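These numbers come from a predicted model, not from an experiment. Just so it is clear: chains get the letters A, B, ... in the order the sequence lines come, proteins before strands, and each one is counted from 1.
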Number of protein chains: 2
Amino acid sequence: MLNNSHYIDKLRSSGLRPTKQRIKICEILFNTEKTFHFTINDLVKKISKATNDKISLATVYNTVHAFKKKGYLKEIPINSDQSYFDTNTSHHHHFYDENQNDLIDIDDADVEPVKINTRIPGKKIKSVEVLVKVEDAE
Amino acid sequence: MLNNSHYIDKLRSSGLRPTKQRIKICEILFNTEKTFHFTINDLVKKISKATNDKISLATVYNTVHAFKKKGYLKEIPINSDQSYFDTNTSHHHHFYDENQNDLIDIDDADVEPVKINTRIPGKKIKSVEVLVKVEDAE
DNA sequence: TCAACAGTTTAGAACTATTATAATGTAGAA
DNA sequence: TTCTACATTATAATAGTTCTAAACTGTTGA
């Protein structure tokens with residue numbers, strides 16, 4: 001509960017009202033040592049484990065999108081039936097294990113800077129993301 | 001109609017029966033000079049423009065998945081409400097224009113080889129794909 | 001302190017992409 | 001030609017996500 005003032009400031013300073021739902025979701029997403037990946041469904045499960053006051057599904061979606069918009073979460077580009085989000089918003093990349101259906105971070109330092117030798121006129125690069133698909137070695 | 005024998009051979013040799021639906025879809029997807037990206041919905045529209053015999057939606061899905069499995073199509077990893085496919089199955093990368101919601105190929109030659117300095121034990125790399133998100137420059 | 005308002009939450013309906021179902025049709029082999 | 005396994009089809013079902021409109025709440029300013 002002590003940390004909450006931090007989240008309240010964070011939310012308020014980014015123009016989001018610090019409601020109890022948002023603070024609770026902050027606690028679940030950002031009170032961890034390690035960053036992690038999750039789907040909306042994962043988050044809903046974590047919330048129901050962490051609290052008795054349930055948060056409506058619509059609010060979970062709204063909050064995740066609001067946090068993504070503010071840059072507190074990143075969406076991970078993989079084709080899947082559901083969206084994956086990442087609490088690690090630093091620049092990094094991913095392994096995607098096609099056998100286990102599992103996402104694993106690749107530290108930015110472990111990928112040599114990707115050089116793109118072409119541009120689109122009138123557009124600026126927002127991000128460069130590398131997805132390394134892996135499978136069981138036989 | 002002349003080219004069809006080519007598709008018939010192609011389908012047959014990969015263990016797919018050359019049905020008229022599959023041949024028609026081959027014509028639409030592979031009879032072009034340039035490769036392109038499409039969603040299932042795009043393909044359905046192309047089909048209805050190209051022929052009077054309609055092909056059922058289920059067949060379009062089945063066929064696209066069959067072609068993907070055989071390596072005639074690639075699925076492009078971006079988060080979207082629908083799946084994007086690519087008739088360009090060579091190794092290459094993509095720009096994703098977030099304002100126009102548009103995918104643009106990046107030739108493999110325009111991206112310096114991506115070096116990943118970490119591995120997952122027991123896994124082998126299947127592909128390395130770069131997604132460059134761009135937005136309007138202000 | 002408190003009223004007022006704009007932003008937020010909520011349950012449930014609606015929507016959309018995709019997959020499953022089960023009956024009918026068809027390519028290819030014998 | 002006949003048979004069989006594979007394909008196609010219309011439609012239903014499913015699942016993730018977004019919409020809606022009513023109720024609620026944080027914040028502002030009197």
A:Leu16 has a side chain; which of C:dT9, C:dT8, C:dA11 sits nearest to it? C:dT8
Nearest-angstrom distance from the residue atom CD1 of B:Ile55 to P of C:dG25: 18 Å
Using atom CG of B:Leu11 as one end and atom C1' of C:dG28 as the other, report the distance to the nearest whole Å. 15 Å
Tell me whether the side-chain N/O atoms of A:Lys54 come closer than 4.0 Å to OP1 or OP2 in C:dT9. no
Nearest-angstrom distance from the residue atom CZ of B:Arg22 to P of C:dT26: 14 Å
How close or far is atom C1' of C:dT9 from atom CD1 of A:Ile47, stated in whole angstroms? 13 Å
Centre of A:Phe38's six-membered ring, under 6.0 Å away, within 45 degrees of the axis: is that where NZ or CZ of A:Lys46 sits? no
Where does the angle between the aromatic ring planes of A:His93 and A:His91 fall among parallel (under 30°), tilted (30 to 60°) and perpendicular (over 60°)? perpendicular
Which class fits the ring pair A:His94 and A:His92: parallel under 30°, tilted 30 to 60°, perpendicular over 60°? perpendicular
Students often mix this up, so state it plainly: with edges at 30° and 60°, are the rings of A:Phe30 and A:Phe67 parallel, tilted or perpendicular? tilted
Which two nucleotides bound the region of DNA chain D that has atoms under 4.0 Å from heavy atoms of chain A, read 5' to 3'? D:dG16 to D:dT27
Check the distance between C:dA17's P and B:Phe38's CZ and give it to me in whole angstrom. 15 Å
Pick base, sugar-phosphate or nothing for B:Ser83, based on heavy-atom distances below 4.0 Å to the nucleic acid. sugar-phosphate
Can a side chain N or O of A:Gln21 be found less than 4.0 Å away from OP1 or OP2 on C:dT10? yes
Measure the distance from NZ on B:Lys20 to C1' on C:dA27 and round it to the nearest whole Å. 12 Å
Aromatic B:Tyr72 / basic B:Lys10 pairing, under 6.0 angstrom, 45° off normal: yes
Can you tell me how far P of C:dA11 sits from CG of A:Asp53, to the nearest Å? 12 Å
For the hydrophobic clusters of this structure (ILVMFWY residues joined by side-chain heavy atoms under 4.5 Å, transitively), does one cluster hold both B:Ile40 and B:Ile28? yes
Distance below 4.0 Å between B:Arg12 side-chain N/O and C:dG28 OP1 or OP2: yes
Is there a chain of hydrophobic side chains (I, L, V, M, F, W, Y, each step under 4.5 Å between heavy atoms) that links A:Tyr7 to A:Phe85? yes
Measuring from the side chain of A:Thr19 (C-beta onward, heavy atoms only), which nucleotide among C:dT10, C:dT19, C:dT8 has the closest atom? C:dT8
Could you give the CG-to-P distance, from B:Asn62 to C:dT18, as a whole number of Å? 13 Å
Hey, which sits more toward the 5' end of DNA chain D by its nearest nucleotide, B:Arg17 or B:Leu57? B:Arg17
